[in-house]
Enquirer: 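To start, I am sharing the structure in question, which I have written as structure tokens.
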Protein chains: 2
Amino acid sequence: MKRDISTSAKIKEAAKNVFLLKGFSGCSSREIANAAGENVALVNYYFRSKGKLFEQIFQSVMEESLTTMIVEFGSDLPLREKMRIFIKHEYAFLKKHPEIPFFILNEMNREDGFVLDTKAIMSKISETGIFEEILQAQKAGTMREISLVGIITLIMSNCQFPFMAKNLMCQLLDLNKEEYPTNLDNHEQYVTDMLLDYFFITNTNK
Amino acid sequence: MKRDISTSAKIKEAAKNVFLLKGFSGCSSREIANAAGENVALVNYYFRSKGKLFEQIFQSVMEESLTTMIVEFGSDLPLREKMRIFIKHEYAFLKKHPEIPFFILNEMNREDGFVLDTKAIMSKISETGIFEEILQAQKAGTMREISLVGIITLIMSNCQFPFMAKNLMCQLLDLNKEEYPTNLDNHEQYVTDMLLDYFFITNTNK
DNA sequence: AAACAATTTAAACACTTGTTTAAAACAAAA
DNA sequence: TTTTGTTTTAAACAAGTGTTTAAATTGTTT
């Protein structure tokens, strides 16, 4: 009768928090239920299993992360500016959701991690024409000849690693966890300068 | 009487393989025992617990990884060449042990991951004088003014991420897992060029 | 040979895991 | 109020967890 959407949503929200923090294998159904303030059986009543619940959440997190990058690629700014803004938005997104990079990586490295449907999202990105734009810039000589895979890897490395390696860096370099965000602000500038300088060939043949 | 070192070593070796592949929470004591071809109880007979066993292995892996970088820092090559060789050795090491970066990161992000003793190793690195050398180069104007933390983060990002994100990249970009190493060879060149060009200021004021 | 201590084993321990069951509580319709 | 269907609950399920125990096996020393 009365569909209590609140309970289902409460579980889903609690599950997202717990999964992001501990990963799939790192938490139990009961932990999720407790975090939601509900009974264990309700997790399987609303979602069929712990795995199905995780699948829903992971897919949504994945899409959220990937669609963030679509917006600016469609604009008609110069390629270099597009890239700069993209990196800026990527850092802004990761500052809000610093757990996501490791969460995704962790799941992708799980032995029985399910295959996810990224083709739909990747083709959306492809439809913005960003990839052709890069190839044309390379042909025109304004951009260094790096493979698309290389470009993407360079960007992801320098954007995602600093966030997922927070604990490692803080222990290794004896840094204060509270002031690590300040570090990240500096690093964003480093990364932006370095990547753009490397990607784009400035005309110095005066 | 006769100390059968073989059994203890067999378990340790099997445990290292399993831990590297699945992580601490991702495997069971019995799985380790089976991989070693031994009884479950022997794991706790030789090592006091699963946790103690992991602690030993993690510490050794951590030291192995960090001491790799010490050798070349002591040489008297120019700083730029030192860096180039360091990146080269780092990539060579990671090609041999591609699971290590994620293994370490995963453990550092575990909620009850134990604090490790890195100060001893870090001070060894510090003793090579590499950090002072960088600061002097920055003062002399041959090196860009980036914080030490920034430099280390840039290097680690670009060396470690491509290895730990193999599964992610392959799924995302629809790459063949078997030919990913080829990608890594290309990437090593990109990374080396990019980092050195960014770190060091070439004298173009002719 | 017997005695001894180190090693290995199968079995059990108490506990947690994901999931299911069957009864209770609830709200709305008859 | 009774009926009906949905939601929630406590309890149980079988399987798996790390760890311990106590007996069996082994090798070495006397």
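Within every chain, numbering begins at 1; the chains are lettered A, B, ... in the order of the sequence lines, protein sequences first and strands thereafter.
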Enquirer: If I take atom CG in residue A:L42 and atom C1' in nucleotide C:dT19, what distance separates them, rounded to the nearest angstrom?
Expert: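 Computing the A:L42:CG to C:dT19:C1' distance gives 13 Å.
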Enquirer: Quick one: sort the A:F54 and A:F19 rings into parallel, tilted or perpendicular, breaks at 30° and 60°.
Expert: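 Judged by the thresholds at 30° and 60°, the geometry between A:F54 and A:F19 is perpendicular.
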Enquirer: Once side-chain hydrogen bond (donor to acceptor under 3.5 Å, both in side chains) is applied, do any residues pair with B:D185, and if so which ones, sequence neighbours excluded?
Expert: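 Checked B:D185 against side-chain hydrogen bond (donor to acceptor under 3.5 Å, both in side chains); matches are B:K95.
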Enquirer: Nucleotides 23-26 of chain D: which of its N/O atoms have a protein N/O under 3.5 Å away?
Expert:
none

Enquirer: Quick one: list whatever passes salt bridge (Lys or Arg N to Asp or Glu O under 4.0 Å) with B:E55, sequence neighbours left out.
Expert: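 B:E55: no salt bridge (Lys or Arg N to Asp or Glu O under 4.0 Å) contacts found.
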Enquirer: How would you list, by chain and number, every residue that makes a side chain to side chain contact (heavy atoms under 4.5 Å, CB included) with B:R30, sequence neighbours excluded?
Expert: B:S28, B:V40
Enquirer: According to ring pair (Phe, Tyr, Trp, His ring centres under 6.0 Å), does anything in residues 147-186 of chain A pair up with another residue at least two apart or in another chain? List the pairs.
Expert: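 Listed by first then second residue: A:Y91-A:F163.
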Enquirer: Rounded to whole Å, how long is the line connecting atom CG of A:N34 with atom P of C:dT16?
Expert: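 Answer to the nearest Å: 12 Å.
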Enquirer: How would nucleotides 15-22 of chain D be written as a contact map, 5' to 3', with B for base contact, S for sugar-phosphate-only contact and - for no contact, using protein heavy atoms under 4.0 Å?
Expert: --BBBBB-
Enquirer: What's the CD1-P distance between B:I11 and C:dT7, to the nearest Å?
Expert: 12 Å
Enquirer: Under 4.0 Å: is that the gap between some side-chain N or O of A:T7 and OP1 or OP2 of D:dT8?
Expert: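 For A:T7, the contact criterion (side-chain N or O under 4.0 Å from OP1 or OP2 of D:dT8) is met.
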Enquirer: Suppose we screen for salt bridge (Lys or Arg N to Asp or Glu O under 4.0 Å). Which residues come up paired with B:E111, at least two apart in sequence or across chains?
Expert: A:K22
Enquirer: Going by side chain to side chain donor-acceptor pair (under 3.5 Å), name the pairs with one or both residues in residues 149-172 of chain B, residues two or more places apart or in two chains.
Expert: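 Listed once each, the pairs are A:N109-B:N167, A:N158-B:N158, B:N167-B:K177.
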Enquirer: My understanding is that only residues two or more places apart in sequence, or in another chain, count here; which of them pass side-chain hydrogen bond (donor to acceptor under 3.5 Å, both in side chains) with B:E145?
Expert: none
